[in-house]
Protein chains: 2
Amino acid sequence: MTTPTQLNQGIGAYHRLKADIIHNAFSPGEKLQMSRLKAYYGLGVGPLREALSRLVAERLVVAESQRGFRIAPMSLDELHDIYEARAEIEGLMLRLAIERGDDAWEAEILARAHTLGKVMEVKTPEELLDIWDSRHQAFHTAIVAGCRSSHLMQIRADLFDRVERYRNLWLRETVLSEAALEQKRQEHARLVDVILARDTRAATQMMIDHLMTPVPIITEVMRRHQRG
Amino acid sequence: MTTPTQLNQGIGAYHRLKADIIHNAFSPGEKLQMSRLKAYYGLGVGPLREALSRLVAERLVVAESQRGFRIAPMSLDELHDIYEARAEIEGLMLRLAIERGDDAWEAEILARAHTLGKVMEVKTPEELLDIWDSRHQAFHTAIVAGCRSSHLMQIRADLFDRVERYRNLWLRETVLSEAALEQKRQEHARLVDVILARDTRAATQMMIDHLMTPVPIITEVMRRHQRG
DNA sequence: TTTTTAGTAAAAATCTAAAATATTGTCAGC
DNA sequence: GCTGACAATATTTTAGATTTTTACTAAAAA
């Protein structure tokens, strides 16, 4: 007896490749040579091309006809544009969520904020970063989920994948200090306050600012990388 | 001597399949059998699977591991959600465009509005519909292009592809009457007015309403199809 | 008799490996 | 230094092999 529904290799390749790209295992613009990919992932060209085609649609990879595939380039321009698009869309979703959110939505936000606030009890700095990050993600997702639009949620998730590559550039060389965490905690608390007060204008503006804070830091990291 | 850069079959298959799906050549949820696709498009499984994988990422096709591909289902729920997401995002883009648009932007809007208004001089009703549609599209694109965000433009284009399938359901059984065209023309004129007056609030609200008008009609068409 | 279950054959999807096609790099000839 | 043929390399495609699912039939259990 085998597993009831096993994933085919194309789907597996897609997930592995995507994770590797997002975590900057390849450099931007890098040529993806089939022979290398075959050797590295231990797969045939068929599944690999399927995975790459899917990533082309997500714009993490670019295809040049008869010339194979490349990792999508990164640029300061894209960094700014993508972060802004994300922030504006998340602002829009927050506005809708405030209009539509019910008691369960409010409760979920409070629950996620609480869990995020108690993230100190974990061990190593690396583990702390991982756990903080996933709980931070869950907190923000809980907020915008109130918009009740699966398409907006999807668009947001897709944008997040594209932002992640830039974000990991910065995250890699950052240690979460106690002070930084405390500042974030306060920001989140204020955010929760204005959201629950249903103050749309203040909440969306605060959210957009909050989401844009990493941009100057990542810009700095990218400038440094370009030189060094 | 051959053509300098010729498209590979996977890309060709992607465009043909996408066009066929958008024009409802397949029915929603329909099983896409490889042997049929091979025969119909005259291609091997490789390029077809690449094209389908890309369409999976665009959510026009769904993949079931080891069970092949299906046309993504359609539903009233999705119709409403997708139209709303589109309208809200286009409203957001319009707000940014009003904040950022320059003289060239204003000029382009006026140019497109003018071209759209003079669409009567063409011949058959079918041709009229085609031309009206493409100019209408150009008009709206000119408006939101002022937001200067290539990512938002991309998201909008992707959403448009997904909306198109529903839109064509209605377009197919509609003849553009003189009266309907005149009404649209007036709507567009008012839209241009508030946009050039940089009245953000009125413009975004009018835009959202304008984009949502087809929804009740398409809902009606879908209900009728479900029964008949 | 009806419903499940097990087994088997057919059909379909998936994968591999090798052939076909295109591009890139090299080097002689001008 | 430029051009064009030729070789090398890489991508793309096809065709067949393999695996998985589905459909069908018959036996067993309720």
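Per chain, numbering begins at 1; letters A, B, ... match sequence-line order.
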Just jot down the side chain to side chain donor-acceptor pair (under 3.5 Å) partners of Glu64(A), sequence neighbours excluded, or say none.
-> Arg70(A)
Pairing residues for Arg112(A) by the side chain to side chain donor-acceptor pair (under 3.5 Å) criterion, not counting sequence neighbours = Glu108(A)
Identify, with sequence neighbours excluded, every residue that meets salt bridge (Lys or Arg N to Asp or Glu O under 4.0 Å) alongside Arg16(B).
-> none
Rounded to the nearest angstrom, tell me the gap between atom CD in Glu64(A) and atom P in dA22(C).
-> 17 Å
Separation of dT21(D) P from Phe69(B) CZ (nearest whole Å) = 15 Å
Atom-pair distance (CG on Leu52(A); P on dA10(D)), nearest Å | 16 Å
Considering just the side-chain nitrogens and oxygens of Gln9(B), establish if one lies under 4.0 Å of OP1 or OP2 belonging to dT14(D).
-> yes
Under a 4.0 Å N-O cut-off, is there an ion pair linking Asp81(B) with Arg162(B)?
-> no
In whole angstrom, what separates Arg36(A)'s CZ from dT11(D)'s P?
-> 10 Å
So, Glu99(B) and Arg95(B), do they make that salt bridge, N to O below 4.0 Å?
-> yes
For atom NZ of Lys38(B) and atom P of dA12(C), their distance in whole Å | 11 Å
Roughly, in whole Å, what's the span from CD in Gln6(A) to P in dA13(C)?
-> 16 Å
Any pair counted as ring-ring contact (aromatic ring centres under 6.0 Å, His included), so long as it reaches residues 136-163 of chain A, sequence neighbours left out | Trp132(A)-His136(A), His136(A)-His140(A), His136(A)-His188(A), His136(A)-His210(A), Phe139(A)-His188(A), His140(A)-His188(A), His140(A)-His210(A)
Please list, by residue number, the residues of residues 28-35 of chain A whose heavy atoms come closer than 4.0 Å to an atom of DNA chain D; answer none if no residue qualifies.
-> Lys31(A), Leu32(A), Gln33(A), Met34(A)
Could you verify whether a donor N or O on one side chain and an acceptor N or O on the other, from Ser27(B) and Glu30(B), lie under 3.5 Å apart?
-> yes
Ignoring hydrogens and angles, state whether a donor on the side chain of Gln9(A) or Tyr41(A) is under 3.5 Å from an acceptor on the partner side chain.
-> no
May I ask you to verify if any side-chain N or O of Gln66(A) is less than 4.0 angstrom from the OP1 or OP2 atom of dT24(C)?
-> no
So, Glu220(A) and Arg223(A), do they make that salt bridge, N to O below 4.0 Å?
-> no
Taking only heavy atoms on the protein side, list every residue of residues 41-51 of chain A lying under 4.0 Å from any atom of DNA chain D, sorted numerically.
-> Val45(A), Arg49(A)
Using whole Å, report how far CG of Leu7(A) lies from C1' of dT19(D).
-> 15 Å
Atom CG of Leu37(A) to atom C1' of dT12(D): distance rounded to whole Å?
-> 15 Å
OP1 or OP2 of dT24(C) less than 4.0 angstrom from a side-chain nitrogen or oxygen of Arg67(A), does that happen here?
-> yes
